[in-house]
Structure formats: C-alpha cells, structure tokens
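On a predicted model such as this, the values are computed, not experimentally measured, just so you know.
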Amino acid sequence: MRGNGRAAPAKGTGAVAAVRRRRTARTVAGATVAMLVTCALAAVTALLLPGGGAPGRNGGPVTAARPAAVAAPAADCTDPEASLRPSTADGPAVRRIKERGRLIAGVDQNSYRWGYRDPATGKLDGFDITLVRAIAKAVLGDPDKVTFLTIPTNQRIAALKSGKVDIVARTMSISCDRIKEVAFSTAYFQAGQQLLAPKGSAVTGIDDGSLAGRRVCAAAGSTAEAELAKRAASAKVTTVPNQLDCLVRLQLGQVDAILTDNALGAGQAAQDPSVVLVGKPFTTEYYGVAMNRGAEDLVRRVNAVLDDYRAGGASSPWMQAYRQWLARADLGITAPPEPKYRD
C-alpha cells in the first residue's frame, strides 16, 4: 500500500468520488491522488520494516527453536479470552529473545491509528505499535529493541507457528478456533464487527436485508469473513490480504461495503471522509497479543506487561495510548477490558 512503506494513509475524499461522476472536477482530482496513495500502500505486505535492525544476531534469518506443542483446548470452548496468569520468570521463549537482543513482532503498517507508518517521522506508530514497544521495554529494557515484520491478516498464525515472529500484535481477535493454533495474552481491547459504506449508501446493516446481492469486502482469514458466511449468504463476498485493500476497492467502486471491526473501520473512515460506519456493532470481540502455543513463559510475561499497562486508571499507559490514538473515533470505550485467567 505504501510502495516503500513511507507514504501516508489516504486522507482525501477517496476515489468513491471518481466513480460518482456527479462530483466536481476538483473533488475527482483530489480523490484520485488519495486513491493512488492508498493503492501504493496496499502493495506492501510481508516486508521487514526499516529501523528495526537485523532479525538475527549477525544479520541472518531468525532460526528460533520451536517450542513443544501443548494439548489442544477442549472442544466446548466457552471462554477463549481466559489466558495464563502473569509471571516475570524467564523460560525458554523469553531467554531466546534476550539472547537475540531483540523482540520480533508481527504487525500491520496499513491500519491508521493501529499500526501505520507516520509520514512526518518515517516511523511506525499506532495503538498496537505502542503496546509492542512497552513489551520490548519490559523484556529487554529498551522500547526500541524491536524488529517489526509486516504480515498480511491471513498470515498471522503461520508466522507464529513457523517461528518467524515472537508475537503478533495486529488487531487480532481471540477466538475458539484460533486458540487451537496459537496462544493469546489477556484481552487488551474490545471491538465489534460493523459495516463501512459510502455516505448515502443503501447499505444500512448486516441483518436488515440491505446486503442482499451487494458486493462486500473482508480481509481473508478475518473474523469478518466468517461472519459474512454466517449472516449474509446472499452477499457477494470479496476477500483481500489486508483491510486497507478493502478501502481501495470501495474507493474504486468495486465493492459496495466493507465488513470489519468497528475500531479498524473508524480508522478507515478517518482516512477517507466519504465513507462512514453504518448500523451497529453486532459482535463482541477482544484483541489479544498472539504467541506460539508452546511459549507459555512468554504468554505469562506479556500478561505481566499488560497488568502494568492497564494499571493507574485514567493515567495508565493504556488510557494514555487510547487518548492518543483512538479517542477521536468515539467508540464508547472508557477503560481497558478486565483480564481473565484460566489457571
């Protein structure tokens, strides 16, 4: 999407204006520029971001040993957000990170306010990025000892299982299906699925019939893709590697709506004011930091970081990050979700 990963997310009127020929020539020109920037951003996936340092000690690839597998969760999963109790004790996974001297994190660089490259500084910023730096500071004593790897939505689990990354902090919802493959921290954010559509669109909600025959976009491997299969069987679903690819298609008039988490949708609406969230959130989903299922010591260490991150009420690091990145989206969030533990 950003070509070399340095361009800003599109903030113009969007290329929806170009498709709707009723707009003025001036609006069309501005929207075309925004569309081209957004398309350039969409092209970048699975890149090693600058400024993160070499993955291996000598600049070579990471060859982290795979932790031993643990037993699969019970088939009657009812509380996937319950994680392992916090601990600051070092185990094999934490020791590997310390020996390497860097935390390797799978992130997004295309989600405005969550994980994106700030054009003014050339650095990654956003709510998820701030959390990753807090984890690096707690484990390694330095928030900058992070190697960021950008990964598509549908490659998050594969990146963890292969040992390519230590953690994934990429607006990843905790679910019963996912905890069969990866481990999660306690929840650090609450979101819900909601539709994003052009202003004035006939699309008004997921369950009101307005999606019948409509073209709807979702990221492959996302919970939105699964919800469309369950709730909107008559819609024509398009899947893409990353959420911002959906915004490109909406701007081009190739789809009629996007289904995504309301927190991500609010960021896309901030990028392109010609689109808006419609209807109400119809699910409750919790984001967690994902890790390899055998890395129990790392899960407990991250949960210890999250305990500190949430502590302090209105002045907590969590609330400071929320005010900086997400408060403008008016999501009705007043505090972080309470942690749940299963042991």
Min side-chain heavy-atom separation Arg178-Met172 under 4.5 Å: yes

Got a second to check how far Ile206's CD1 is from Leu228's CG, nearest 0.5 Å? 5.5 Å

Any donor-acceptor pair under 3.5 Å from Ser201 side chain to Ala197 backbone: no

Quick one: do Met319 and Ile129 end up in the same hydrophobic cluster if we chain Ile, Leu, Val, Met, Phe, Trp and Tyr together by side-chain heavy atoms under 4.5 Å apart? yes

For Cys246 and Ala219, which heavy atoms make the closest approach, and how far apart are they? SG-N, 4.2 Å

Over all atoms of both residues, closest heavy-atom pair of Val94 and Leu298: CG2-CA, 3.9 Å

Closest approach of Val302 and Ile135, non-hydrogen atoms and distance? CG1-CD1, 4.1 Å

Can a donor-acceptor pair be found, under 3.5 Å and without considering hydrogens, that links the side chain of Asn303 to the backbone of Pro86? no

Determine whether Tyr287 and Trp114 make a side-chain contact, defined as any pair of heavy atoms from C-beta on separated by less than 4.5 Å. yes

Hey, is the main chain of Leu244 close enough, under 3.5 Å, to the side chain of Asn242 for a donor-acceptor pair? no

Answer yes or no: is there a donor N or O on one side and an acceptor on the other, between the side chain of Thr238 and the main chain of Cys217, under 3.5 Å? no

Are side-chain N/O atoms of Arg310 and Ser316 paired as donor and acceptor at under 3.5 Å? no

Leu211 vs Leu195 side-chain heavy atoms within contact, under 4.5 Å: yes

Derivation of the salt bridge (Lys or Arg N to Asp or Glu O under 4.0 Å) call for Arg100 and Asp166: CA-CA 11 Å; Arg100 185 194 307 134; Asp166 300 312; 2.6 Å; yes

Is the closest basic N to carboxylate O distance between Asp79 and Arg342 below 4.0 Å? no

Could you walk me through whether Trp325 and Tyr112 satisfy the ring pair (Phe, Tyr, Trp, His ring centres under 6.0 Å) test, starting with their C-alpha distance in whole Å, then the side-chain angles of each, then the deciding distance to 0.1 Å, before giving a yes or no? CA-CA 9 Å; Trp325 299 114; Tyr112 184 46; 8.2 Å; no

For Ser175 and Asp177, what are the C-alpha separation, side-chain angles and deciding distance, and is it a side-chain hydrogen bond (donor to acceptor under 3.5 Å, both in side chains)? CA-CA 5 Å; Ser175 72; Asp177 286 340; 5.4 Å; no

Taking Asp108's backbone N and O only, do any of them form a donor-acceptor pair with Ser111's side chain (distance below 3.5 Å, no angle check)? no

Considering all heavy atoms, the nearest Ala266-Ala329 contact: CB-CB, 3.6 Å

Can you tell if the side chain of Lys98 reaches within under 4.5 Å of the side chain of Arg95, non-hydrogen atoms only? no

Between Leu140 and Ile167, is there a shared hydrophobic cluster once you connect ILVMFWY residues whose side-chain heavy atoms come closer than 4.5 Å? yes

When rounded to the nearest 0.5 angstrom, what distance separates CD in Gln193 from OG1 in Thr283? 4.5 Å

With a 4.5 Å heavy-atom cut-off, do Leu306 and Pro339 have their side chains touching? no

Do Asp272 side-chain atoms and Ala269 backbone N/O form a donor-acceptor pair below 3.5 Å? no

Given the side-chain rings of Tyr188 and Tyr309, with only the six-membered ring counted for Trp, is the space between their centroids under 6.0 Å? no

I'd like to know if Asp142 and Lys137 make a salt bridge, using a cut-off of under 4.0 Å between side-chain N and carboxylate O. no

Is the closest basic N to carboxylate O distance between Glu227 and Lys230 below 4.0 Å? yes

Quick check on the hydrophobic clustering: are Val276 and Leu331 connected, directly or via other members, by side-chain heavy-atom contacts under 4.5 Å? no

dist Ile258:CD1 -> Arg215:CZ (nearest 0.5 Å) comes out at 12.0 Å

Gln243 and Thr260 side chains, donor-acceptor separation under 3.5 Å: yes

Decide yes or no for Val165 and Leu160: does some side-chain heavy atom of the first lie under 4.5 Å from some side-chain heavy atom of the second? yes

Which value, rounded to the nearest 0.5 Å, describes the distance between Lys123 atom NZ and Tyr116 atom OH? 13.0 Å

Within a strict 4.5 Å, meaning less than it, do heavy atoms of the Leu247 and Gln268 side chains meet? yes

Looking at Arg156 and Thr153, would you say the former's side chain and the latter's main chain have a donor-acceptor pair under 3.5 Å? yes

Looking at every non-hydrogen atom in both residues, tell me the closest pair between Glu285 and Asp261 and how far apart they are. OE1-OD1, 3.7 Å

Please confirm whether the backbone N or O of Arg85 pairs with a side-chain atom of Asp343, one donor and one acceptor, at under 3.5 Å? yes

Verify the cluster assignment for Val305 and Val107: are they in a single hydrophobic cluster under the rule of side-chain heavy atoms below 4.5 Å apart? yes

Should the pair Glu181-Arg293 be classified as a salt bridge under the 4.0 Å nitrogen-to-oxygen rule? no

Taking atom types as modelled, find out whether Glu81 and Thr186 have a side-chain donor-acceptor pair closer than 3.5 angstrom. no

Nearest non-hydrogen partners of Asp308 and Pro317, listed with the distance: O-CD, 4.0 Å

Please check this pair: side chain of Arg113 against backbone of Gly126, looking for a donor-acceptor N/O pair closer than 3.5 Å. no

Are the side chains of Thr147 and Leu103 in touch, meaning some heavy atoms are under 4.5 Å apart? no

Nearest 0.5 angstrom please: Tyr322 OH to Phe127 CZ, how far? 9.0 Å

Among the clusters formed by ILVMFWY side chains lying less than 4.5 Å apart, do Trp318 and Leu326 turn up in the same one? yes

Would you compute the distance between atom CG of Leu196 and atom CD of Gln194 and round it to the nearest 0.5 angstrom? 8.5 Å

Short question: side chain of Lys199, backbone of Pro273 - any donor-acceptor pair under 3.5 Å? yes

Salt-bridged, Asp128 to Arg170, with N to O below 4.0 Å? no

